[in-house]
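Have a look at the structure below before the remarks.
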Amino acid sequence: MYRLHFGITIFALVITVGFAAGYRPPALYGQEAPGDTIPGPLYLPFISANPPTPTPTNTATQTPTETPTATSTATRTPSPTATPTPSATPTQQGTPPPVGPSEWTQHAHDAQRTGYNPVSVPTPWRWKWAWNGPNATGGVSSGKFGLPRNVQPVTGGGRVYIAAGSRGVYALDNANGAVLWNRNPGGNINSTPAYDGDTAALFVVSSNGTLYKLNAANGDTIGSFAGAGNSNLPLPPAIAGERVFFSMGNYVYAIDKRTMQQLWRYDAGSPVDTPPAYSATRNLVVVASRDLYVHAIRNGDGSRAWRNKTTVLEPGNPGSSPSNNFAEVSRGWPVIAEQSGVVLIKLRLDWQTMWTWSPWPGSNTAMRSNLSSQPSEQALLALNLDNGSTAFIPNVGHGGFGDGDYMPMGPMPVVKRFGDGSEVAYVVMRGAPCLVGGPCDGRADSRLGELMLNDNTVSGFLAGYVRFMESTFFPTDEQANLSMAGDDLFGGHWMFGLAHRILDRSPARGSSGANPITTGDLPHIITSASNCGFSTSHYCPDRLTQDGDPRTIPGGFYIYYNQGAVYDRYWSEYASWVVSNDTLYFVSTDGAVVALEHGEPTGVAMQAPPEQAVAAQLSFIHEGVIDYTAAREYAGRTVTVEGLLHDVFNNGKAVYLTFKTPHQGAFLVRILKANWGNFAQPPERIYAPGQRVRVTGLIEWYQGDPVIYVSHPSQISAVGAAEG
């Protein structure tokens, strides 16, 4: 991620560019490391809207008053000046939004994967508990571990369930965050579980290809079904009626949730790289496969309703082709808009797509013209649920969590249905002008947006057009993972969680950045801050400034106190928000789960649960040289690491020597621009893929990767010439 350093009042940026030949230089931002700075103060601006009004104008849309739990602290009288107490403002005339399920029981809330809960938690919020995160003084708990990418907490039966990879599944007491049970039925649990209230069971997909049915009360395995193949991808199951759907290998399965017997199996002819989504209005199960085909399966008998490939791109790892003509669907999921008859499919494109239009245009007509003329840039697909044809072209540009030449899958859209039956999707869009001052380029043009799903919802906006919104700024290669509750829209950035309440989305708004849909700040959350001093409430009302990487965002809660970049060691790329019943859950990039509830923010409902036991330490060393695969076990020590270079890349701010592609989780070397002058030639000309090298230095952490920062060529020695 590109680390931006932020101040409060004046935006000034002076940047000099010295890039390798052929690289298109960004006009802004850089990747920083300890000791590396950007001239001039930068900042994540507060949005311009006033805080939401504390007086609701339509009580039918409000969450019912919370009943205090037995574990709450003594009653506190909220101070009217301690924090704003916004409430939802109706965003569309007509009947109130429908009252739907308020429990978040499966990935993205429901089988349609909308990411939307109709019921929100009224402000103010207070810290309820935290798990796998801070200790009682705000430090990092001993025994802390990272979580798999994309996992969300789900709730049911008074418990919170968390997938934890090789550690299996944890069930926490929703009242205080204490661990009730921890089980691993087999393999790695990399996918969000699904809770079923009818059977009081938890359905879990394992990397070994098996769907397990667990007793939700104690974690015991009470049934299983073995699919064909295995996968480490996040492939959460979906529950609809009496059936559980899951993807594994080339197949999609429908399983009876009571007997665990197969009802049907669908062969996609290619590995199914997304979890299933279910359309209740069409009785269809929808998935996307590795060959970039989208499939609709009849739930009645498992037969094919349609199969279509609407992208011009070919299946493959984006960036690995000189033509940049590859795309992937893995680590995304289909999102179904029932009333509009549309399924939305996100593609992962190449990192260089940030610069095709830099910045993106500021009008929908220009966006549509660009995407129509260059269909390879279409990152979000909209397919007709009835026949699989292209429903429209969404005006949504590509983005994600980028690092050098690697851009992981970006955020999925969220679908909200209003009381009159109309729907919109909330997305991370791109468009000028940028939310941050100064140069506006392809890395600075991201913001929250509202996507039209038909031509009739808002006058003047066609299906696929986007409406500009106010939001906290984040760069295009740091896009936030979205979810929503009522009128509250949440984003999970790798450093922080943003939260906004939509105030005015009347038809006259949203056509440009100069007249956006207005929002108000809700309490944000950040990884580690010390600008307020430590309190057991973890509350900082005015602003939050990240320790060690001083970005400033609106006030709210900090997870750790004075602990720096905790996310770098426990990196999972995505943070996320979930709202279930009367609690908000934030899963940080480092794997902490924080629960917030309605209450006086300067108070605290529960103390942190006991820390986990310290994990066993591994060791591997041979003749004083460590193989690159074991480097992470030597973090904090100065050692020599050996390995075969897989890729060498200059992104304009650092030269990367990587030993695995993508390098996510693997050892790498970073040579920062400030040190290139110490080398006889540009470092990317000295070192080459296929060359075996030894690198000596202190092993630190960078976005989950063990890293050595090399400042002088004496730290690197060639063991052999480049192969091939």
Between [X] and [Y], is any side-chain donor less than 3.5 angstrom from a side-chain acceptor?
X      : Y      : value
His295 : Tyr266 : yes
Asn150 : Thr192 : no
Asn515 : Ser512 : no
His500 : Thr472 : yes
Asn364 : Arg467 : no
Gln152 : Trp104 : yes
Asp504 : Ser506 : yes
Arg159 : Tyr161 : yes
Glu338 : Thr281 : yes
Glu470 : Thr518 : no
Asn581 : Ser102 : yes
Thr199 : Asp196 : yes
Ser270 : Ser289 : no
Asn174 : Tyr585 : yes
Tyr278 : Asn283 : yes

Exercise. What do the steps show when you test Phe392 against Val342 for side-chain contact (heavy atoms from CB on, under 4.5 Å), and what is the final call?
Worked result: CA-CA 9 Å; Phe392 52 80; Val342 170; 4.0 Å; yes

For this session: May I ask you to test the Tyr195-Gln106 pair for a side-chain heavy-atom distance under 4.5 Å?
Result: no

Measure across [X] and [Y] and return the closest heavy-atom pair with its distance rounded to 0.1 Å.
X      : Y      : result
Leu385 : Trp306 : O-NE1, 2.9 Å
Pro237 : Val244 : CB-CG1, 3.9 Å
Val428 : Ala480 : CG2-O, 3.5 Å
Thr274 : Trp333 : CB-CA, 4.3 Å
Leu453 : Leu344 : CD2-CD1, 4.4 Å
Gly186 : Ser206 : O-OG, 2.6 Å

Taking the side chain from [X] and the backbone from [Y], do they hold a donor-acceptor pair closer than 3.5 Å?
X      : Y      : answer
His109 : Gly115 : no
Thr519 : Ser471 : no
Ser191 : Pro234 : no
Asn190 : Asn232 : yes

For this session: Please test Ile239 against Thr105 for side-chain contact (heavy atoms from CB on, under 4.5 Å), starting from the C-alpha separation and ending with a verdict.
Result: CA-CA 9 Å; Ile239 299 176; Thr105 57; over 6 Å; no

Exercise. Got a sec, which pairs hit salt bridge (Lys or Arg N to Asp or Glu O under 4.0 Å) with one end in residues 281-303, sequence neighbours left out?
Worked result: Asp273-Arg290, Arg282-Asp386, Asp291-Arg307

For this session: Quick one: which residue pairs count as a salt bridge (Lys or Arg N to Asp or Glu O under 4.0 Å) with a foot in residues 364-384, not counting sequence neighbours?
Result: none

Separation between [atom1] of [X] and [atom2] of [Y], rounded to the nearest 0.5 Å:
X      : Y      : atom1 : atom2 : result
Asp350 : Glu328 : CG    : CD    : 11.0 Å
Arg417 : Gln112 : CZ    : CD    : 10.0 Å
His493 : Glu478 : NE2   : CD    : 4.0 Å
Tyr253 : Leu211 : OH    : CG    : 11.0 Å

For this session: Hey, can you tell me if Phe246 and Phe225 have their rings parallel, tilted or perpendicular (30° and 60° cut-offs)?
Result: perpendicular

Exercise. Less than 6.0 Å separating the ring centroids of His598 and Trp125?
Worked result: no

For this session: Taking only Lys NZ, Arg NE, NH1 and NH2, and the carboxylate oxygens of Asp or Glu, determine whether Lys416 and Asp487 approach each other closer than 4.0 Å.
Result: yes

